[in-house]
Amino acid sequence: MSHQQDITPLPVLGSHSQIAMEGLAQNKDTDKNQNKNMGGEIEKYQSPEENGSAQVDVEEITQKAKLSDYFTLLATGFALVSDGYQNNLATVFNPIFKIIYASYYTSSVSTRVSNSLLIGEIIGQVGVGLICDLIGRKTAMVATTMLIVVGGILATASSGSTPAGLLWMLTVSRGMVGVGVGGEYPACSTSASESANEKFGRDRGKVFILVTNLMLSIGGPIVISIFLLIINAAGYKGTTSAEDIYKLKYTWRICMGVGVLIPLSVFYFRLKMMNSKLYRRNAIRHSPPYGLILRRYWRTLLGTAGTWFLYDFVTFPNGIFSSTIISGVIPGAGLVKTMEWTLLLSVLSLPGVFLGAWVVKYTGRRNLLMMGFSGYIIFGLIVGCSYEKITKIIPLFIVFYAFMQSSGNFGPGNMEGTISAESYPTSIRGTCYGFSAAVGKAGAAIGTQCFTPIQNHLGKKYTFIIAACCGALGVLLAYFFVEDKGKDRLEKEDELWRQYLVDHGKGDVVMGDGSSENRAAVGNAEKGELSFEE
């Protein structure tokens with residue numbers, strides 16, 4: 001009897017244990033199914049039994065991912081200050097080299113040195129855009145930082161037995177910097193857009209503008225301010241004496257060297273960041289269907305790339321040669337006085353960035369883009385048609401010139417990156433953004449190359465009249481080819497693209513970056529909200 005009492009409970013305990021184990025198994029299966037059904041909203045990390053590695057602390061990873069979004073936005077801002085700084089260095093070293101190497105630094109040499117950065121940027125934008133999508137955002141940003149640092153060091157140390165040798169070394173070094181700076185555009189902007197989409201929702205556009213175009217725009221005032229601080233501290237007297245020439249020589253090298261320190265300040269943050277959640281889920285890292293990409297997005301590419309070409313065709317030469325334009329209007333002003341007016345011009349151009357960031361939520365992306373191009377028409381024609389009279393009143397000329405530049409920042413400057421980041425799905429965002437930006441930089445290179453011949457053969461006022469013509473073309477391109485997706489989450493275009501792949505026989509394309517479970521396109525449907533609440 002006692003023996004039966006000992007063994008009678010065992011089946012009951014065994015039954016309870018079995019039920020408990022089955023319940024745990026069912027819960028585990030349910031969790032897996034929920035993760036799958038939520039379309040990746042909860043990321044599935046492989047267990048130790050599945051991959052043989054140590055157990056992953058999901059909470060720790062989730063916390064790291066949350067912090068990574070803020071690291072990404074912070075690093076993007078600082079990095080693009082560096083890019084804006086590099087883009088505007090020519091504003092400083094062009095007038096310096098014309099004094100130091102007066103007989104050698106002709107307009108063709110000046111254009112070659114200035115364009116080396118732009119050509120490098122085109123290469124970087126296309127190449128790094130592909131790397132962003134095929135390898136990852138983090139890898140791309142670390143690589144671009146290294147290129148800017150190494151190229152900047154070489155540019156700062158440029159030397160040669162003749163002026164020609166020094167300037168050729170500077171040209172090649174600036175080209176290397178350009179590859180890094182150009183690569184920052186798709187690498188930083190795609191990551192910033194995805195992080196802002198995750199953290200700031202409907203205000204994604206405003207945040208994106210403040211960490212991209214604003215940071216690029218303040219690079220100009222920073223580089224000119226540093227130049228003026230150095231040159232005034234050195235006691236530069238504005239002569240061509242050996243002492244003043246020596247001061248100019250170390251001034252441009254210090255300005256170049258500062259451009260190396262800025263990207264180094266964000267290197268730590270870039271090592272700490274993760275790829276965005278959207279990229280981790282939607283990346284297509286093997287055999288992207290480029291034929292289908294062109295078939296679906298050719299019209300969108302025409303809009304983003306075409307308007308960016310027109311914007312850069314106007315804004316880059318007017319930025320690079322702004323000191324030349326001002327010195328032509330104020331003959332005999334001298335280097336320091338010219339740069340002071342140039343600083344005022346660059347500062348007066350900044351309000352357009354803030355105003356655009358404030359109103360974009362209400363105007364919409366496409367309307368703001370057209371409004372900015374309309375500013376080119378209005379102020380370009382005002383300055384161009386009244387050039388002989390308005391240049392006699394220097395402050396008035398500077399103000400209207402700044403209005404034209406500020407309208408560029410207000411509209412296309414703010415919107416080119418925003419629209420290019422929002423118009424394409426995550427899996428090809430870097431590629432399409434990089435292509436659009438590269439076409440823009442081609443416009444910048446062509447505009448820089450044409451700027452001096454236009455001034456010499458047509459007249460100085462025609463640089464402003466042509467800017468107005470570009471504004472008119474920009475309005476037309478924006479109206480017919482640019483879509484406004486400011487009310488949609490980035491997930492919406494991801495889902496439309498996924499469905500397009502499935503409908504065109506590419507449902508077996510593998511999506512995901514390997515950090516969690518990869519899925520075929522057919523099983524990677526987005527189940528969350530696709531538009532922002534009004």
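All values below were derived from every heavy atom in this structure, side-chain atoms included, with hydrogens, water molecules and symmetry-related copies excluded. Residue numbers count from 1 along this sequence.
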query: Is the F464 ring parallel, tilted or perpendicular to the Y401 ring (thresholds 30°, 60°)?
result: perpendicular
message: Checking R366 against M415 for the side-chain contact (heavy atoms from CB on, under 4.5 Å) test, could you report, in this order, the C-alpha distance in whole Å, the side-chain angles of both residues, the deciding distance, and whether it holds?
response: CA-CA 8 Å; R366 185 174 67 171; M415 288 298 99; over 6 Å; no
task: Quickly, which of K199, R204, R137 forms a side chain to side chain donor-acceptor pair (under 3.5 Å) with E194? Name it, please.
output: R137
- request: Evaluate side chain to side chain donor-acceptor pair (under 3.5 Å) for N94 paired with S110, printing each intermediate quantity in order.
  value: CA-CA 7 Å; N94 272 334; S110 170; 3.1 Å; yes
task: Could you check if a side-chain atom of I428 sits within less than 4.5 angstrom of a side-chain atom of Y290, using non-hydrogen atoms only?
output: no
- request: Test salt bridge (charged side-chain N to carboxylate O under 4.0 Å, His left out) on E526 and R498 and set out the steps.
  value: CA-CA 9 Å; E526 176 61 59; R498 185 203 67 81; over 6 Å; no
message: With a 3.5 Å distance limit and no angle check, can you tell me whether R174 reaches the backbone of Q86 through a side-chain donor-acceptor pair?
response: yes
query: From T307 OG1 over to I419 CD1, what is the distance, rounded to the nearest 0.5 angstrom?
result: 6.5 Å
- request: Report the residues that fulfil side chain to side chain donor-acceptor pair (under 3.5 Å) with N367, sequence neighbours left out, ordered by chain and then residue number.
  value: none
message: Tell me whether the rings of F309 and F313 are parallel (<30°), tilted (30 to 60°) or perpendicular (>60°).
response: parallel
task: May I have the step-by-step check of ring pair (Phe, Tyr, Trp, His ring centres under 6.0 Å) for Y433 and W308, ending in yes or no?
output: CA-CA 11 Å; Y433 188 107; W308 211 328; 5.5 Å; yes
task: Would you check if C188 and M141 make a side-chain contact, meaning some heavy-atom pair closer than 4.5 Å?
output: yes
statement: dist N524:CG -> E495:CD (nearest 0.5 Å) comes out at 8.5 Å
query: Is there a donor-acceptor contact under 3.5 Å from the side chain of N282 to the main chain of T426?
result: no
- request: In sequence, state the C-alpha distance, the side-chain angles, and the governing distance for Q405 and N409, and then conclude on side chain to side chain donor-acceptor pair (under 3.5 Å).
  value: CA-CA 7 Å; Q405 295 289 77; N409 280 331; over 6 Å; no
- prompt: Is the NZ or CZ atom of R429 both under 6.0 Å from the centre of the six-membered ring of Y424 and within 45° of that ring's axis?
  reply: no
query: Hey, what's the ring geometry for Y311 with Y376, parallel, tilted or perpendicular (30° and 60° as the breaks)?
result: parallel
task: Report yes if some heavy atom in the side chain of E184 is under 4.5 Å from a heavy atom in the side chain of T145; otherwise report no.
output: yes
query: Judged by atom type as modelled, is there a donor-acceptor pair below 3.5 Å linking the side chain of S420 to the main-chain atoms of G417?
result: no
